[in-house]
Amino acid sequence: MQKAILNLFPFIFYLLWNEEGKLIKLSFNFSFDLEPKILQIGSIKAKKWVEEFYEAFLAYWNFEKDRVEIPHLENFTEFEKRVLKELSQLKIGEVITYKILAERIGYPKAHRAIGRVMAKNPLPLVYPCHRVIGSKGLTGYSQGLILKQFLLYREIKYGF
DNA sequence: GGTCAGATATAGC
DNA sequence: GCTATATCTGACC
């Protein structure tokens, strides 16, 4: 297990990899430090993965990719895989509700179960769960609702 | 196996 | 607006 803390304006990332360099967990918060830097790193080996993440994040941030594309561990159940696969197909700024997502994967009544998958999603940005909202508007986000709001605002306003 | 908690949706008030 | 309830999965006992 290798971990790294990476400052990449406007976020600070907390990353966890396994020995093969597959991302296991990703979380982030706002950072107002403009200078990109590694605050903590597990090993030299992890440095390579940090750089890989850096590139993938920039590609997403510059709207070149729909999400952060990076090798990661996929130990999900069949249901979770269906949900996450559908999620990966969303474009920048494309917003969907839990209900519509449920219908798309063929479980029209499983909207609540999808909420659970989102809440448990260890890899936000890799699986862009911020694009899933409730039928009455923004609902929860594991990284904090303000971050969900910010990510969506940015994508919708500048991402097209 | 049973129970229970959700980042829900919907109806009925 | 609020409350109850329908509905499904996964975690936990």
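Lettering of chains follows the sequences in order, A, B, ..., and the numbering in each one begins at 1. This structure is a prediction, so every number in the text was calculated from the model and none was measured.
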Short side-chain N/O contact to B:dT8 OP1/OP2 from A:S135, under 4.0 Å: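 No, A:S135 has no side-chain N/O under 4.0 Å of OP1/OP2 on B:dT8.
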OP1 or OP2 of C:dT9 under 4.0 Å from side-chain N/O of A:K120: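 So the side-chain polar atoms of A:K120 never come under 4.0 Å of the phosphate oxygens OP1 or OP2 of C:dT9.
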Base B:dA7 paired with A:Y98 side chain (donor-acceptor, <3.5 Å):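 Flag set: donor-acceptor pair detected.
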Presence of donor-acceptor pair under 3.5 Å, side chain of A:R116 and base of B:dA7: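 Answer no: no donor N or O sits under 3.5 Å from an acceptor.
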Proximity of A:F11 and A:W61 rings by center, below 6.0 Å: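 Under 6.0 Å, so yes.
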Ring centre gap for A:F53 and A:F13 strictly below 6.0 Å: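 For A:F53 and A:F13, the ring centres are under 6.0 Å apart.
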What is the separation between atom [atom1] on [X] and atom [atom2] on [N], rounded to the nearest whole Å?
| X | N | atom1 | atom2 | answer |
| --- | --- | --- | --- | --- |
| A:L101 | C:dC8 | CG | C1' | 14 Å |
| A:F79 | B:dG6 | CZ | P | 17 Å |
| A:K81 | C:dT9 | NZ | P | 16 Å |
| A:I105 | C:dT9 | CD1 | C1' | 10 Å |
| A:K99 | C:dT7 | NZ | C1' | 13 Å |
| A:E80 | C:dC8 | CD | P | 17 Å |
| A:I114 | C:dT7 | CD1 | P | 16 Å |
| A:R112 | B:dC4 | CZ | P | 14 Å |

5'-most by nearest nucleotide on DNA chain B - A:M118 or A:K136: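 Its nearest nucleotide lies further toward 5', so the answer is A:M118.
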Would you mind classifying the nucleic acid contact of [X] as base, sugar-phosphate or nothing, using non-hydrogen atoms under 4.0 angstrom?
| X | result |
| --- | --- |
| A:Y141 | base |
| A:S142 | base |
| A:A110 | sugar-phosphate |

Strand partner of C:dG10, provided both Watson-Crick or wobble distances fall under 3.5 Å: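 For C:dG10, the partner nucleotide comes out as B:dC4, under the 3.5 Å rule.
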side-chain contact (heavy atoms from CB on, under 4.5 Å) between A:V95 and A:L152, worked out: CA-CA 8 Å; A:V95 173; A:L152 278 177; 3.7 Å; yes
Earlier contact from the 5' end, DNA chain C, for A:V117 and A:H111: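 This one resolves to A:H111.
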Nucleotide of B:dA9, B:dA7, C:dC8 approaching A:A119 most closely (side-chain heavy atoms):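 Selected nucleotide (nearest to the side chain): B:dA7.
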From CZ (A:F150) to OH (A:Y141), nearest 0.5 Å: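 Going from CZ on A:F150 over to OH on A:Y141, the span is 11.5 Å.
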Side-chain H-bond candidate by donor/acceptor type, A:E80 with A:Y127, under 3.5 Å: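 There is no such pair between these side chains.
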